[in-house]
Undergrad: 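The structure's right below; bear with me while I get my questions together.
Residue numbers count from 1 along this sequence. Remember, it's 1-based here, ligands and their atoms both numbered in the order they're listed.
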Amino acid sequence: MNVKIETGCVLKKGLPEGFVITDKNVFEKYGSLVKGEKFIIGVGEKSKSLEVYGEILKELGDTKRIIALGGGVVGDLVGFVASTYKRGIDLIQVPTTLLAMVDSSIGGKTGINLGEKKNYVGTFYQASGVLIDLLFLEKLPEEEFRNGVAEIVKYGLVFGVPSLERLEKGIFLTDEDLSEIISQCVDYKVEVVGKDKLDKGFRHVLNFGHTIGHAIELVFSLRHGEAISIGILIEMKLGKMKGIFTDEQINVAEKILKKNGLPVYLPVNLDIDNMISLMKQDKKGSLVFSFNEENQEVVFDESEIREVLENG
Ligand code: GLY
């Protein structure tokens, strides 16, 4: 996996040759980058469907390389297209959101949804290259930037990098060290994926905050990062039950998430039964959580999860 982080590497130097797949929003902003064949999908999760997948396949002809230009939805869908077309053709990921830069464009997870079931059909398929150009962030809406910051906070809490002191200052587009922070997250992602490409165990640490977060995201239609932020705090409270986190660590995490403009409270009117069934679906039946490198497969009873969800 070849990851290049360089300001202007795409917006100043242009895209590599290949069939470009992007979404309507990205194309409106960056259409001039696309010189050759292209396919434009609709914006949002609904495009990760079997229908859109089929429509793209019909257009690919003798394409030898696909360029995924966009955020997480584009990356997941296009990765799946590239991995299955003619049993796999060359793929370059060009992430345009902070979340895709620090997480989803790296590591080869691809997928589409089966109705309500998120990422139920997918593969592991590594892109031959990931081109991260920070200039894309200049036109990213603030709430989309925050979405990615939630994943950066996750790296800090799991690996200690970026440091908690740094995260407490908040992460902003104008920060001089933004490129360094992105690069630190990318390094961790590459390292973790390198140890567990197929997500059999060690890689689960990257899902910290995500089991609760995915359920919240589905029920309350929050942005991924917002749901993950709430999920991180709830999972820390779960971890506290097993002596993995202290109140002080939870308070620090809460302070960091708030400083970074992310929500920390569970929405009211929580349907706890539904949340638990969504978590089981997410975890393929079990309630096992991964908190950090030392605590990777911690099993919880439904009653423990219920207790934390009831008490917030
Ligand atoms: N986003 C978590 C992973 O790639 O494993």
Undergrad: So which heavy atom in the protein is nearest atom 5 (O) of ligand 1, and how far is it from that ligand atom?
TA: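 The answer is R203 NE, 2.7 Å.
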Undergrad: Starting from atom 4 (O) of ligand 1, locate the nearest protein heavy atom and write down its residue, its atom name and how far away it is, to 0.1 Å.
TA: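 It is K189 NZ, 2.6 Å.
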Undergrad: So if I apply the salt bridge (Lys or Arg N to Asp or Glu O under 4.0 Å) rule between K109 and each of D76, D199, D103, which one comes out positive?
TA: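 Exactly one pass, corresponding to D199.
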Undergrad: Hey, do the aromatic rings of Y155 and Y188 have their centres closer than 6.0 Å?
TA: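 No, the ring centres sit 6.0 Å or more apart.
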Undergrad: Is K154 in polar range of ligand 1, meaning some N or O pair under 3.5 Å apart?
TA: no
Undergrad: Using only atom types and a distance under 3.5 Å, with no angle test, would you say the side chain of D23 pairs donor to acceptor with the backbone of G44?
TA: no
Undergrad: Could you tell me whether D196 and R203 make a salt bridge, using a distance below 4.0 angstrom between a side-chain N and a carboxylate O?
TA: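 No, D196 and R203 are not salt-bridged.
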Undergrad: Quick check: D103 and ligand 1, any N/O pair under 3.5 Å apart?
TA: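 In this structure, D103 places an N or O atom under 3.5 Å from an N or O of ligand 1.
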